[in-house]
Every structure is written in structure tokens, then in C-alpha cells.
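For the numbers below, each heavy atom of this structure counts, side chains included, while hydrogens, waters and symmetry mates do not. Chain letters run A, B, ... following the sequence lines, proteins first, then strands; residues in each count from 1.
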Protein chains: 2
Amino acid sequence: MSPTAIRYHRGMGRWEPNAQGRLVQAALLLYVERGFEQTTVAEIAKLAGLTERTFFRYFADKREVLFWGAGALQELLVSTVATAPESEAPIATIRSAIEAAGATFQERREGSLLRQSVISLNTELQERELIKLASLAGAMAQGLRQRGVPEPGASLSAEAGIAVLKIAFERWVNAMGEPDLPQLIRDTFDEFKAATSG
Amino acid sequence: MSPTAIRYHRGMGRWEPNAQGRLVQAALLLYVERGFEQTTVAEIAKLAGLTERTFFRYFADKREVLFWGAGALQELLVSTVATAPESEAPIATIRSAIEAAGATFQERREGSLLRQSVISLNTELQERELIKLASLAGAMAQGLRQRGVPEPGASLSAEAGIAVLKIAFERWVNAMGEPDLPQLIRDTFDEFKAATSG
DNA sequence: TATCCTGATGTCAGAGAATGACATCGCCCT
DNA sequence: AGGGCGATGTCATTCTCTGACATCAGGATA
């Protein structure tokens with residue numbers, strides 16, 4: 001089937017509303033159906049009823065559509081770190097933040113799994129994911145520093161948290177038994193402590 | 001100054017020898033002088049006395065030139081893991097491997113710093129670096145698994161090692177006092193343990 | 001109401017990355 | 001001498017991404 005343009009309302013204004021949302025929806029649909037590489041930006045734009053040029057006004061590149069939520073995730077992590085109890089150990093603060101992040105993935109379980117299935121099939125997308133994760137680690141480290149945690153402890157704690165998130169997420173995706181991601185994160189943190197304290 | 005083609009010997013065979021080496025040398029030169037983005041593959045190829053098409057026969061993309069040594073590094077890590085004492089704790093094995101990797105950077109100090117200065121100025125290159133590091137972690141984890149270390153401990157230990165490498169390397173690059181990288185890695189491992197055992 | 005302005009989108013042109021198909025031609029082997 | 005091989009060149013093409021400029025509905029303003 002060849003999908004026609006995605007429309008929402010009828011000509012309310014000069015253009016259909018929610019251009020960015022239509023682009024995201026169109027891109028995700030095509031990435032899932034044909035794969036990321038086999039999808040051109042022109043096709044995405046056409047499906048969204050827009051032009052290629054407009055796509056690049058909303059997204060820096062073809063990959064970025066899939067990482068639209070990264071900003072909100074970073075805010076969640078940073079605010080969780082910022083509002084943690086003063087007396088708490090840095091690694092415990094990071095643990096709380098990562099658990100909170102895990103909860104949001106759990107809430108959007110279907111979407112998260114779909115998105116990951118696309119990413120897992122393409123190296124370029126994995127690269128983008130890794131740099132987003134590194135950015136998250138950097139933001140959490142900065143949050144810790146603002147709370148007086150010195151380097152390199154701040155960065156090391158943040159990196160540890162991201163490592164746990166990565167591996168817990170991977171377990172979550174591969175597990176058919178639908179475990180709870182926050183719980184998996186807690187378990188993985190414990191295993192991490194056991195594995196690295198040798 | 002506009003550099004002319006890089007030549008080695010005089011027409012020994014049909015072509016100048018060491019085409020790949022000339023490409024690496026030319027690319028590095030231009031990346032340092034003009035920056036990565038401002039350098040085109042056509043320019044690199046011309047400086048190496050070759051064509052654009054030949055560049056892409058040796059390197060999958062423009063970035064890959066800078067990660068030429070990753071294969072050897074991975075072999076070093078894997079073989080270090082493989083030959084570690086049987087009784088050793090997994091995290092200690094990883095620590096040894098990372099230290100060995102650090103030693104090779106220390107040996108090529110100038111080149112490592114130059115390379116990193118190029119990478120640090122460009123996001124695309126940082127993405128490639130991160131996925132290479134992830135690949136190293138994956139290889140080390142597999143090495144541990146072959147020694148009977150179960151998941152998720154194997155992956156967690158490997159990721160911890162890579163996190164330490166990243167941060168120790170960063171300290172090494174930013175430190176003007178020329179500290180010893182293997183020693184910095186040892187110190188960072190100790191700080192990591194302290195930071196994550198809270 | 002007439003006019004101006006703004007912002008979202010379209011149109012066009014172009015550089016540069018990357019890839020496939022095929023040509024070239026010294027060198028080595030027999 | 002002849003033939004095949006392998007490294008390189010040539011050519012054409014698709015696709016990503018960007019800059020410059022055009023368009024035009026709707027809101028603000030006089």
C-alpha cells in the first residue's frame with residue numbers, strides 16, 4: 001500500500017496544522033515499513049504533505065526525527081538530580097534520576113520498543129543514540145557539580161548511571177516477559193555495584 | 001600554502017605505493033589545517049595523488065580515516081582479556097585491558113592528542129568515536145563471557161572500563177602537566193570505585 | 001477598511017557524500 | 001607472447017543538506 005498524505009483538520013489556516021508532528025509520524029511509519037536507509041527525506045515530506053526543505057527546517061538531519069524526545073528526557077534527569085536530597089550520595093542521586101527516566105519509557109512502552117527496533121537496525125542511528133546518551137551523562141554530571149560534587153566523581157557517577165540505563169534497557173527490550181523497566185534498572189544497579197566492587 | 005601531492009618513491013610500479021597511508025596523511029593534514037567539515041574528500045584525494053573514488057574504496061566514509069587504529073586497539077583489549085589469569089575478578093581483568101590500551105596512547109602521545117583535537121571540534125566525529133568505544137565494550141564483554149562471566153556482569157564491567165577510559169583520557173588531554181595515562185587510568189579506576197560504591 | 005508585517009512554507013540552485021558500472025593497464029604467471 | 005588480476009580511474013547518479021529568495025494568509029495597526 002502506498003500511503004497518501006497525512007491530514008488532520010481541513011484547511012483551517014493557510015496550511016495544515018502540526019507540520020512537525022506530521023513529519024514525525026510520516027518518518028516513523030516509513031522507517032518501520034522500509035527501514036531507515038531505504039527511506040528518503042523527500043518521501044517523508046511528501047507523505048506529510050510538505051517539502052523536503054521544510055523537513056530540514058524542523059530537523060537538523062534525517063536521524064533527528066527519532067530523537068525528538070531527548071530534550072524532555074534530559075530535563076527530567078537534570079531536574080531529578082537538582083531536587084534530590086542534599087545529603088544523598090551522588091551515585092544514589094543518579095540512580096533515582098535513571099529510575100525516573102526508566103519510568104517514562106515504561107509509560108510509553110509500545111513507542112519505545114518500536115523506536116528501538118528501528119534504531120537497532122541501523123548504525124547511523126546507534127551513533128546518534130550514543131551521543132544523546134553521552135549528552136545526558138554530561139548534563140547529569142553538571143547537575144552534580146552544581147551540588148558540590150567534585151570531578152571526576154561527578155562524571156564517573158553519571159557515566160555509571162548511563163551504562164546501567166543502556167544495559168537495563170537492552171534487557172527490557174530483549175525480555176519477552178515484559179518486566180518492569182524501573183525494577184530492571186534497580187536490579188541492574190545492584191548487579192553493577194556487585195560487578196565493579198571486586 | 002597549497003600543498004602539492006604527497007609522493008613517496010619515484011614511479012616504482014604503476015602507482016605510487018602506500019595509497020592508504022597517503023590518504024590518511026593527507027586527510028589528517030587537512031582536517032588539522034582547515035577543520036573536518038571544511039575539508040572535502042576530493043581535496044584529500046587530490047593531495048594524496050588519487051581520486052575521490054579511491055578514497056571511498058579504502059574508507060567507508062570521510063570520518064573513518066581518523067579511526068583507522070580502532071581495529072588494533074580492539075585486538076589489544078580482547079587479547080588482554082583472553083590471557084588474564086583465570087581466577088581474576090572480571091573488573092580487574094577489564095582494568096588491566098584498559099591500562100594496556102592507555103599505554104598505547106601514551107606511546108603515541110603526540111598523534112593521540114592531535115587526533116583528539118580534531119575530534120573534539122566536530123560532533124560527527126564524536127559520534128563515530130562513541131560507537132567505536134561501544135564496540136570495544138562489546139568486544140570486551142564477549143571476551144569475559146567466553147571466560148564464563150555471566151551477563152549482565154560482563155557487559156557492566158566492560159562498560160565501566162570504557163567509562164573510566166573516556167574520563168581518564170579526557171583528564172589526560174586537558175592536563176598540561178603531561179601526566180602518565182596508565183597511571184591516570186589507575187587513579188580514575190580507584191575514584192570510580194569510590195564514587196559508585198556509595 | 002487599507003496597508004504593512006511577519007512567519008511558515010515553497011521554489012530553485014548547488015555543493016558534497018557516497019555508490020555502482022565499467023574502463024584502463026602495468027605486473028605477474030605460465 | 002599472451003592472459004588474467006588487481007589497483008586505480010572515469011562517469012553517472014542518488015541522496016543529504018544548505019543558502020537565497022519568493023509567496024501569501026492572517027494579525028496588527030492606523
In whole angstrom, what separates [X]'s [atom1] from [N]'s [atom2]?
X        : N      : atom1 : atom2 : answer
B:Glu124 : C:dA17 : CD    : C1'   : 10 Å
B:Asn122 : C:dA17 : CG    : C1'   : 14 Å
B:Leu23  : D:dA7  : CG    : P     : 14 Å
A:Ile44  : D:dT16 : CD1   : C1'   : 11 Å
B:Gln38  : C:dG16 : CD    : P     : 11 Å
A:Glu37  : D:dT16 : CD    : P     : 11 Å
A:Asp61  : D:dC15 : CG    : C1'   : 13 Å
B:Phe56  : D:dC11 : CZ    : P     : 18 Å

Fill in: With B:Phe189 via ring pair (Phe, Tyr, Trp, His ring centres under 6.0 Å) - residues at least two apart
none

Worksheet item: In chain order, what residues pass the salt bridge (Lys or Arg N to Asp or Glu O under 4.0 Å) check against A:Glu52, with sequence neighbours excluded?
Response: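 Partners of A:Glu52 under the salt bridge (Lys or Arg N to Asp or Glu O under 4.0 Å) test: none.
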
Fill in: Within residues 141-165 of chain A or reaching into it, pairs that qualify as side-chain hydrogen bond (donor to acceptor under 3.5 Å, both in side chains) - sequence neighbours excluded
A:Arg145-A:Glu151, A:Glu151-A:Ser155, A:Glu159-B:Lys166

Worksheet item: Any ring-ring contact (aromatic ring centres under 6.0 Å, His included) pairs touching residues 144-171 of chain A, not counting sequence neighbours?
Response: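 Residue pairs passing ring-ring contact (aromatic ring centres under 6.0 Å, His included), neighbours aside: A:Phe105-A:Phe169, A:Phe169-A:Trp172.
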
Side chains of residues 81-88 of chain A: which donor-acceptor partners sit under 3.5 Å, not counting sequence neighbours?
| from | atom 1 | to | atom 2 | distance (Å) |
| --- | --- | --- | --- | --- |
| A:Thr83 | OG1 | A:Ser79 | O | 3.0 |
| A:Glu88 | OE1 | A:Thr93 | N | 3.4 |
| A:Glu88 | OE1 | A:Thr93 | OG1 | 2.7 |

All N/O contacts under 3.5 Å from nucleotides 8-10 of chain C to the protein, with atom names and distances to one decimal?
| from | atom 1 | to | atom 2 | distance (Å) |
| --- | --- | --- | --- | --- |
| C:dT9 | OP2 | A:Tyr58 | OH | 2.3 |
| C:dG10 | OP2 | A:Thr51 | N | 3.1 |
| C:dG10 | OP2 | A:Thr51 | OG1 | 2.8 |
| C:dG10 | OP2 | A:Thr54 | OG1 | 2.6 |
| C:dG10 | N7 | A:Arg57 | NH1 | 3.3 |
| C:dG10 | O6 | A:Arg57 | NH2 | 2.5 |

Worksheet item: Could B:Arg115 and B:Tyr31 be counted as a cation-pi pair, given that NZ or CZ must be under 6.0 Å from the ring centre and within 45° of the axis?
Response: no

